[in-house]
Amino acid sequence: MNELPAAPRPLEALSFDARFVTSLPGDPASTNQCRQVHRACYSLVTPTPASAPRLRALVPEVAALLELSTTETPTLVRALAGNLVVDGMRPYAACDGGHQFGNWAGQLGDGRAITLCEVVTSRGERLEMQLKGAGVTPYSRRADGRAVLRSSLRELVCSEAMHHLGVPTTRALSLVTTGDDVMRDILYDGHPALEPGAVVCRVAPTFIRFGNFEIHAARGDVDTLRALVHFTLREHFPWLLVGGEPDLPGFLAEVARRTARMVVGWMRVGFVHGVMNTDNMSILGLTIDYGPYGWLEGFDPDWTPNTTDAGGRRYRFGNQPRVAQWNLTRFAEALAVLVDDTSPLAAALGAYTDELRVLEPQMMADKLGLTASPERAEEDDGLATALFSALAATETDMTLFFRRLADVDVASGVSTEARMAPLLVALYDEHAPRSGDVEPLARWLERYASRARDDAASPAERRARMNLANPIYVPRNYLVHEVIEAVTRGDDAPLARLMDVLRAPYVERPGQEAYAAKRPDWARHVPGCSMLSCSS
Ligand code: AMP
Ligand code: MG
């Protein structure tokens, strides 16, 4: 019999631990002065209080994971704002480094993230609560340790949406506005302005990134690196500690497979992370650090929402699988500092491409509602490639296209016009059907219909399978932008409504049509909708 879930408790009654702090070497200094921190995995810090914290959202599912009561109490709000450190919490900022946009950037670290505690649930699970935007730490460099409402809200909405979409991610418990304004130059064009500040509380089993290992490897600090590897394996991959010794190739292969699963999830739902630096790559394969991310509207593999990356487009949609592999190679190099013979690590890196080779075709088959088989692999790969070039011929909304493809009648003898009908809603140019731009798509549809008729699955099965792989609701950039405007005005209801819709992204419900609508014209060039900078 399943055990009943534990009754939710107020924050101060939860069971806290801090194994990262008690097991790993820490920074002996305790001031918040910015500095290089050597031979340590973290610095103990105290969050900086906010002047007028207000709870704007509390996510019940995440509270339930923590066995935390959702009753709003002054203690809860103060703790989630960084104004109160509850007994048993040992707040810290972690030390990491990373490769940013392809270059080694040295020490980075939690410049505005502070882990408050590890919550130990009645089931023995451990989850970290981490505040983002609660003030400076030794890793803040020249920045203020704060976060603005718009980026905090974007992180809250998107991490929860990703979870419900079935893509591995860190979670978000709460959004608190601080009552303090923060100065940001959104477009980096010399026009800084004050914006409302906010704090998000994120939740994950750990926030350890590739960069936490890289920093010690780069400094040749083998002892600290080894300690971190031991800790990570003991806490998160215990089966990879064999007789007390770390199975490093096993560790790398596991991280590689998880990363592959995450990236294939992104590709399935049309998510562009935007800043895939190695300090933003989770060791658990979770989507982490939601910054200038975006959702594909018109299907375009070259699209990136990040204006900071507009030149090289390193982190464009279609490049994400390759960048993940590049990042894993940097992680492998960090582990390589611990061994004499690096060939087992080099071999383990192959787990990434192996996993991708299985997952990518399966994901496309699911999106197209086809039964994948080795005999048809080549044919289906050709079908997918042809689709991508047909979609490039006229601006076509990715989410609506795949969702409505399930409604296409694939029976023989159906006219091309009738076959196209359900898909017209996905076209951004209403003249496209008459301009000839949709001809490649129409030709592709005939090829697809023929392949689908020939499939082992029935039309009903095809449709059901597709509707489990192709969401109807994703946090489109313009939808979130509208919610940010409402919450900034003091109206929190649109945020609650959006989050509610995003709880069931595969279930189309009447009355929610507005949340499935493609990007309106006004949003095409608006900062925050189609373009985002790293300013957050
Ligand atoms: P990102 O690529 O946005 O995840 O951030 C890169 C680095 O900059 C991380 O080490 C962050 O902690 C740090 N950072 C970003 N914004 C701020 C800020 N407002 N205050 C302090 N540190 C920041
Ligand atoms: Mg980051």
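All residue numbers in this chain count up from 1 along the given sequence. Note that ligands are numbered from 1 as they come in the structure, with each ligand's atoms numbered from 1 the same way. These values consider heavy atoms only, across backbone and side chains, with no hydrogens, waters or symmetry-generated copies.
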Practice problem: Kindly say whether the aromatic ring centers of Phe20 and Phe207 come within a distance under 6.0 Å. | Solution: no
Does any N/O atom on Gly111 come nearer than 3.5 Å to any N/O atom on ligand 1? yes
side-chain hydrogen bond (donor to acceptor under 3.5 Å, both in side chains) between Arg184 and Ser535: does it pass, once the steps are laid out?
CA-CA 7 Å; Arg184 289 291 182 271; Ser535 156; 4.7 Å; no
So for Arg146 against ligand 1, with non-hydrogen atoms under 4.0 Å, the contacting part is backbone
Just checking: Asn277, one of its N/O/S atoms, less than 2.8 Å away from the Mg ion (ligand 2), yes or no? no
- request: Look at ligand 1 and say whether Gly291 reaches it with a heavy atom at a distance under 4.0 Å.
  value: no
- Query: Does the distance from a Lys or Arg side-chain N to an Asp or Glu carboxylate O, for Arg123 and Glu67, drop under 4.0 Å?
  - Reply: yes
So is there a nitrogen or oxygen of Asp96 less than 3.5 Å from a nitrogen or oxygen in ligand 1?
no
Distance-only N or O hit between ligand 1 and Arg184, under 3.5 Å
yes
Any nitrogen or oxygen of Ala143 lying under 3.5 Å from a nitrogen or oxygen in ligand 1? Just yes or no.
no
Note to self: Counting only nitrogen or oxygen atoms and a 3.5 angstrom limit, does Asp110 reach ligand 1?
What the structure shows: no
Honestly, for Val136 the part within reach of ligand 1 (heavy atoms, under 4.0 Å) is neither
TODO: Kindly confirm or rule out a cation-pi arrangement of Arg19 over Phe231, judged by NZ or CZ under 6.0 Å from the six-membered ring centre and within 45° of its axis?
DONE: no
To the Mg ion (ligand 2), the closest N, O or S atom belonging to Asp289 is OD2
Would you call Gly109 a ligand 1 contact, heavy-atom distance under 4.0 Å?
-> yes
